[in-house]
Amino acid sequence: MTALLTVENLTIGFGDAAPVVNDVSFSVNAGKTLALVGESGSGKTLSCRSALRILPAAAQMRSGKITLAGRNGKPDVDLMSLSERKMCGVRGERISMIFQEPMRSLSPLHRIGNQVSEVLRLHKNISKAERKSRVLAMFERVGFKDAERVYDSYPFELSGGMRQRAMIAMAMVGRPDILIADEPTTALDVTTQAQVLGLIKDLQAEYGMAVVLVTHDLGVVANMADSVVVMNRGRVMEAGPAPLILNDPKHGYTRDLMAAAPEIPEAIPEQKREEDRDYILEMREVSKTYVLKGGSAWKPKTVIPAVRGVNFGVERGKTLAVVGESGSGKTTTAQMALGAEVADTGSSILFRAEPGADAVNLQDLDKAGRLAFQRKAQMVFQDPYSTLNPRMRVKDALVEPMDIHGVGSSQDRIERAAEMLRWVGLSENMLTRYPHAFSGGQRQRLSIARALMLGPTFLVCDEPTSALDVSVQEQVLQLLEDIRDRLNLSYLFISHDLAVVARIADDVAVMRSGLVVEQGPPEVLFHDPQHPYTKALIAAQPEPDINRPIDLNIVSQGAGEPSSWPEAFRFNGQDAPPLTQTGPNHKVRCYV
Amino acid sequence: MTILPDGRFVDDAPYETDTGAEARHAELDMSNTRLLWLRFKQHRLGLISALFLLISYLSLPFAGFISPYTPNERLEDYLYAPPQLVRLFHDGKLVGPYVYGTTAEMDLETFSWKYVPDTSTPMKLKFFCEGSDYKLSGFIPSNTHLFCAPEGATVFLLGADRLGRDVFSRILYGAQLSLTVGLVGITVSFVIGIILGSIAGYFGGFLDWIINRVIEILRSLPELPLWLALSAAVPSHWGPVAVFFIISIILGILDWPGLARAVRSKFLSLREEEFVRAAEMMGAKPSRVISKHLLPNFLSHLIASATLSIPAMILGETALSFLGLGLRAPAVSWGVMLNDAQNLASIEIYWWTAIPMLPIVIVVLAFNFFGDGLRDALDPNRS
Amino acid sequence: MALLRFAVYRFITMLATLLVVSVFVYAIINLPPGDFLSNQINELRATGQSAGIAKAEFLRKEFSMDQPIWKQYLIWLGALPGPHGFAGLLQGEFGWSFEFDKPVSELVGGALWMTVLVNLAAVLFIYAVALPLGVLAAARSKTWIDYTSAFIGYLGLATPNFLLALILFYYGNRYLNLPIGGLMDPKFEGEPMSFEKMKSVLIHLIIPTFVIGTSGAAAMMQRLRANLLDELGKPYVETARAKGMRESAMLTKYPLRVAFNPFVADIGTLLPSLVSGSVLVSVVLGLQTIGPVLLQALKSQDVFLSAFVLMFVALLTLIGTLVSDLLLALLDPRIRFGGRER
Amino acid sequence: VEPIEGEFWMEEVKSGNLPPVTERLPSVPLVPDLELRGRELGKAGGTMRTMVTRAKDVRQMVVYGYARLVGYNERYEIVPDILESLENENDIKFTMRLRPGHKWSDGHPFTSEDFRYWWEDVANNELLSPAGPIDFMRVEGELPTVTFPDEHTIIYEWHKPNPQFLQKLAEARPPFIYRPAHFLKPLHADYANEEDLSERLYEARVRSWAALHNRSDNMYKFDNPDLPTLQPWMLATKDGKSRFLFVRNPYYHRIDPNGVQLPYIDVVEMQVVAPGLVAAKANAGEVDLQARGLDFKDTAILKKGENSGKYTTYLWGNGTASQIAIYPNLNYNDDLWRETMRDVRFRRALSLGINRKIINKGLYFGLAKEGGMTVLSASPFYREENFKAWATYDVDQANALLDEMGLTERDKEGTRLLPDGRPMWIVVETAGERQEVENALQIITDNWKDLGIKLLMRPLERDILRNRVYSGESMAAVWFGWDNGLPQSYTSPAYVAPWQQEFFAWPKWGQYHQTSGDAGEPPDMEAAVQLNDLANEWSQAYSTIDRAVIWQQMINIHAENVFAIGVLNGAPQPVVVSNRLRNVPEKAIWAWSPGAHFGVYRVDEFFFAE
Ligand SMILES: Nc1ncnc2c1ncn2[C@@H]1O[C@H](COP(=O)(O)OP(=O)(O)OP(=O)(O)O)[C@@H](O)[C@H]1O
Ligand SMILES: Nc1ncnc2c1ncn2[C@@H]1O[C@H](COP(=O)(O)OP(=O)(O)OP(=O)(O)O)[C@@H](O)[C@H]1O
Ligand SMILES: [Mg+2]
Ligand SMILES: [Mg+2]
Ligand code: NI
């Protein structure tokens, strides 16, 4: 059996600097999955992009050969020397790619459906209606509950995970021979991730599709990959069949990587909790309803209850983690917690800067109050690329918060920026770059660095480590923990990765459909999950052990429609059971 | 590299964990302008253009020195004299820069002037010589010229016009007005346009409504009658330059709505970008968001627009002169010169009187390439 | 729905704006000293044409020129009845041209059509040239295509229209046998439209279109190029590429739409510039459009005629702005949905 | 002479729509003696193309056609034209005799009734002419007695001489003292059927019959193809915008000695083009006869196109008294300046300070005549010394005059100061239409700098310029010299007396006279008062000799006083003539008054050779 796609001795560099991809070779066979894992910034994305010949303008391909096997016995094609015209026939039709940053990768001015079905329009000779039905079918398979709505939505109306799923649908709807998936599930909660991975597997089985999967998640690798390529600093460290590498890593870097993989610990010692809690931020009955103005004059307005009556607080010096399904309102909650979105009337969000100080309601802050608050509270954004001004050097982007609040001299600011970069594991030399010249994980770290610049007391982290490889993730988590303990920082931490949550959180809220369905400390939640959805989440958490595949049964049961849950938890249309205290610190949304 | 027996590939270069210690780049401590300059330098055409513009502007005060004649100096025996060649060799011998003397003949067949050069005697140009009086940079009286015509001959590098004035000298003097006053109008219009457009686009709501109405009204107001009224209202003892100056400013004041609309509409969509929201969440004030985040993302358009307004401003006066408002003699500008050239004879017979088109095109192209270089240097994505 | 409501609302504000504009317009055209009838009477008196004076005096009464200016305005508008029951704009009467001695409506009719024709041609020219060239210049930036198109564009911009026209007329006539000036061969004037007439009109349109169009085309091209270059680096462009779109199709569908935003915003000026922008050009090229009529009317202070033309231009501007606002909303959903409050 | 039916109307005659030529001509047609004047006998046919720059210039066809009751011949003598004969008794009694059988262009007889209709029902109708008949019909306010003894005779009789009566009738823009009565009566309340009239009023959207009548009877405008005419060509285009066709008048009253009815040319095609394109179109050979819209500066390009365009460029002399004249405003609102300008030494100094030779050379190839503003050399009142008076370039004398006035103080730029310390900046306002004026002023600016006077040029819109001058706001203005540079003793001297505001040196005195004292100021300068008196004397005078003497005196006073500073006259006027067009004089004067531009050269006698 011959390889479908072969990459040989690929070397890519920028300007006259040392190559960032150095002598990389790999190949993938039909129906198989190749996982590219490795350090953030090690050149995974660039290697994948070179297969489609869509490298950044500044990148030079210094050497290498990429061959695509011909279809139906036709001779192999050398992708490097193919004419641009013919290349268009390859892209999207034979090889398609899921990009790492879903928000920026979608055109802001076109409806999702339009953008997705375009692949079919370009390569398949089928009617418009047919196209639409195929796209809708694909949307359902990537886990959209309301495919029609998504079809007519604009990217900015969707949550991060939804955009990413749209991208996945776009890449797969044309049923390519080779799918290059660059961190396809970073923004997805584990249940959706499991679903998507399942989908990829299905398609692979059906059509013999080859998959190149770039991921930071060894759990995903364990579940998906047939073979693995481990990269570090532009070089391939180790490559070979998945079982061998996962079970018996030979190279030092691979071993380090395996060691750094977080896991939900077997048992967490119960911690003592004070009764009288000091909340730095408290959300009371917070709701947010988006009204989608109908796309056309006839359709009624769509009301999206993004967040429905959330009640929780972030303790000073502690971490509240929010996990939940994609689109369940996590980001919206986070943005309301920072006053960036106005909550519906009746909600109150109280912030207490100092212990015992008067709480201020973010809903009705004056200008000065807001400024003072903004200095204390910062956010690490879910989608770092779009939150960085493309025309600002990293240097300026990092010092901007200090600039705004007039902290320090300009020298101080630069020094601090350099230091922050080092904290998050980046080189200070990157300060003069523009945001586009970073890898996905590097940008995420920039976002963290920026949030730390002012030394905030309250930090909202929206999927701060989703794009980081496990070793860097470990480093960043370590950093976050350190400063939390040192400076008594408090976090509202949103993540899809339960292992990370288990590690860092003091309290965890599980969200589904804009509602908190279960809340409790990790030790309780992960070892005694009550709610079917929580159970599903845990079951869907992939583990870097090739012998422990995800149990899709539990996943599909818990992640299914709330109306299909067991009696006690079942939602009746919009009516949900009340959130009931079941343990000392444990709340579950159920009828008792 | 090693291929293990189980088919695995393992890199055998020594592996060590990243220390993160890397030599600090020199670039890091440079200011943004410096960095910009470094990138700008790579745009060859832009660099050349910038140098050209720089030299042009620097030499404006020295127009009097460089030009052999003063702008309104009429050589009565050389009406419509054609451009003269400055030669170096005579009869195969190097004599240094010289010209031939010419004599005018009235051709009553064609009713045009004929000039017959006397090719027997080369007449050498004089350098750093005394000529007619002028004021260096407008106030230092002087009469030294870089070069002048030899006794008994003329040096019309670009010919002479209907009244026997040297086109070359007039172009140099004309640059003083054409390259400066028009820019005032552009500046005014850009400042107003950007400020109001940003406010409308960024804040939206009521401010947007008000600004939009003002824009609409201003744009619906006719310019033509305004100019006519103005031409009657300007006090008669004002010099032509003062009138022109005022007009440039008014032109600028009337010109901003177009730009403001463009800025507004672009900002309406830019302000929905995530990075704007991020900046706001950091507490950035509107002025900062506008100047640091929104404007730079619209800079290309602004640069292109500015470049494009330049010819319009240089030539604005030619259109106005139809209404009796343009620049007039004794003021010299390129527009004035072209105005004089607006007849068939200037195209077909005395083609050199239409030469002022060239400096305009050159300057405008220079501004264009300069702008493009700037755009390029500011473009984060460029190669 | 939202769009419809928006349109209705904007339409109402437009009418109010129009009223404000009418005040300004009337004031501005009355700014220059003197008025048509006084000028006329002066001149007639000098040449001993008392019959003419009587007529001028007669008109002065008929059109209330002897009233204070604010009353004249209201009468012109039709809010006040004139002395002889003269009905104003609001009643659909546009007034009388003193200069041409005809009702305004009769005078401008034909010219309006010609104006639309000439400028439509110019606009088509601008779009037909600037769009592809702008896109090409961006896609192939820093190549000879880019440079040549910039050069030609700026050449057109930097040459005064009249000079350009004269050059084109002269050489066009000499070498290509193109006609000089006018909008059709005079022999077709007043004839019904025919194939021959159409042909004549088209041939006559070549040079004016070029002259009016070059500057517009150059401007549009350069701005478009700059905006496009900005967009080309964005990741969504790469997504489109990765789908296997051809470069040209990709450019026109995605970045062009973003880059178009500033132009749509400026469509408002397009319509009125159709009329007023080409006034001087029309005058010098001898095109029978509304431009020369306006200039003449303004110069001789033929108040009603100029006021009508100006109001017409203003109306066009406002409609243009309205259209551009609607288009903007259509073009960019983020604007359409109103965005966040600030 | 036996008239011959021409080609053009042949069809119509054959089909009976038109009577044969013998019946169309008056019983005594006018037969010009072409050969005597050195002209060829031509043949009928052809279309002559010419251009104007505004649609309302169709009226030029009345000027070019030049069919007048009496008209000038090429020697500027007044001879009967439409009239068969005219008896003039001492300029007091004028007996006009029409040609029996003469018909309007619609075939209706042209009789004394048409004169009567105008005199009784138009000129003396209160509604149509509230101010009564036109000025030139009055002598010291008195109207003539007009009698119509028979169908072909009209007699005008005053108590005192009205010497300008005939000359007015011969002007380029003549007062039409006759109207097509048959055409206008249906519009006249005294004659019309009331119902019909009100219907027509409704159709025309006018509210009074007077307005409609006024609108319909304008014989000079020439824009109504239905209005009958006596001109050689009649308008054939209704509602034209850019092209007007004029076809031969089948009832025109002249035939050539061969019996060919004039005009020779069947059709005149008049195209409206932009002013700037006239030269280009002429150069391309798109006209057969053109002078309007052409300037001397176009000559070179016109000469250049002669071969390919198949035309010849003649250079005629311009007939205005001065091609460029500066009028210091003696009624300027600023007291000190006004006094200064009223000092004759000042005006003489300004005139002396102009280097006319250079202006002539630079602008007119040296072909114009340099001198002050006076009558042209073809006029009987021309005196060389008047022309040269104060007009030779003499800076020293000019400076001496200014010094003598006491204007000796100067500022550091060398500009003289007024007694109150203001620098002497003369703002000269122009209509901004002619490039040559600008160029000339440029030279004059340099010239006057040597006098210590700074000239500032200010171009304005024509109407604005007029308004500013009339109200005394403008200090000095540039215009042409007198329109009529060839006055005869019978020419009214109104334009050389302080009687018209159009003479920009004394707008307010002119207004005073024109409004009979309602506006303006009475002349209060000796020379002006003198001119005023002389002009009055002229109207009292009984003999041609007296009038001539008065004229001469007035011309001399003007030369002495330099009321307007003329620069040069007789500037060459290019005339483009198709090589096929014959009988166009090679040398002639291009004048509006007297002469009606092409009118005196009888365009109806021009013809196309093969
Ligand atoms: N335009 C650019 N200019 C300079 N360096 C760049 C540019 N784009 C990427 N790089 C650098 O190239 C390296 C490889 O980037 P790449 O995107 O392939 O990393 P990656 O392996 O996908 O990382 P991640 O997992 O974080 O997405 C990074 O170190 C990045 O900083
Ligand atoms: N601006 C908006 N307009 C309309 N609907 C919106 C908007 N922003 C978010 N939504 C909707 O609100 C819901 C919650 O979105 P949110 O971004 O909070 O999800 P999330 O929990 O962060 O998901 P993910 O993990 O995928 O990022 C989604 O259904 C989304 O489509
Ligand atoms: Mg990557
Ligand atoms: Mg989110
Ligand atoms: Ni993950």
Side-chain angles (χ1 to χ4, degrees), chain C residues 32-34 36 38-39 42-43 45-55 57-59 62 84-86 93 96 99-103 106 110-111 114 162 165-166 169-170 173-174 177 179-190 282-288 292 296 298-301, chain D residues 53-56 122-123 127-136 168 173 175 205-208 210-211 214-215 217-218 221 223 237-244 269 271-277 280-281 283-284 286 308 461-464 466-468 470-471 473 500-502 510-511 514-515:
Chain C
F36 180 83
S38 312
N39 289 351
N42 264 343
E43 203 161 310
R45 189 166 275 144
T47 45
Q49 304 262 322
S50 30
I53 296 179
K55 190 168 161 203
E57 288 289 1
F58 171 80
L59 284 177
E62 176 123 335
H84 287 272
F86 164 59
E93 271 221 20
W96 187 267
E99 169 101 2
F100 294 93
D101 209 2
K102 277 184 187 159
E106 224 170 83
M114 281 302 158
F162 181 53
L166 211 55
F169 276 147
Y170 186 71
N173 182 266
R174 203 135 148 222
N177 210 12
I180 300 175
L183 271 183
M184 63 182 106
D185 197 310
K187 72 171 179 245
F188 291 114
E189 198 186 285
S282 296
V283 172
V284 295
L285 299 193
L287 310 178
Q288 294 89 37
Q296 183 52 39
L298 284 172
K299 280 188 169 182
S300 59
Q301 304 193 28
Chain D
T53 50
R54 294 174 304 179
K56 67 178 180 189
V122 178
L127 285 173
L128 290 176
S129 314
I134 321 168
D135 276 348
F136 88 105
K168 282 278 177 196
R173 179 179 185 159
R205 307 218 278 137
V206 286
R207 292 193 173 81
S208 72
N214 266 338
R215 207 200 291 178
D217 81 335
N218 199 326
K221 266 192 165 175
D223 59 353
T237 310
K238 207 173 173 67
D239 288 332
K241 291 238 155 43
S242 66
R243 178 190 186 234
F244 298 87
E269 181 189 321
Q271 207 184 320
V272 183
V273 304
L277 297 180
K281 283 181 98 84
N283 171 284
E286 292 185 18
S308 58
E461 176 49 36
R462 192 188 260 244
D463 281 310
I464 294 176
R466 280 216 184 103
N467 277 324
R468 285 177 57 87
Y470 294 166
S471 62
E473 281 169 62
Q500 294 184 346
Q501 60 178 359
E502 285 68 37
Q511 282 156 27
Q514 283 165 322
T515 60

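Lettering follows sequence order; numbering is per chain, from 1.
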**Item:** Nearest-0.5 Å distance that lies between atom NZ in D:Lys281 and atom CG in C:Asn173
**Value:** 8.0 Å
**Prompt:** Is it the side chain or the backbone of D:Gln511 that comes within 4.5 Å of chain C heavy atoms, both, or neither?
**Reply:**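 Contact with chain C involves no heavy atom of D:Gln511 at all.
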**Item:** Top contributor to chain C contacts, counting heavy-atom pairs under 4.5 Å, from D:Ser242, D:Ala284, D:Gly276
**Value:** D:Ser242
**Request:** Using side chain to side chain contact (heavy atoms under 4.5 Å, CB included) as the criterion, list what pairs up with D:Asp217, not counting sequence neighbours.
**Result:**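 By the side chain to side chain contact (heavy atoms under 4.5 Å, CB included) rule, D:Asp217 matches D:Val122, D:Arg179, D:Leu184, D:His213.
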**For D:Thr53, all residues meeting side chain to side chain contact (heavy atoms under 4.5 Å, CB included), sequence neighbours excluded** = D:Asp57, D:Pro275, D:Val278
**Prompt:** Side chains of D:Asn283 and C:Ile180: does their closest heavy-atom pair fall under 4.5 Å?
**Reply:**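 Not in contact.
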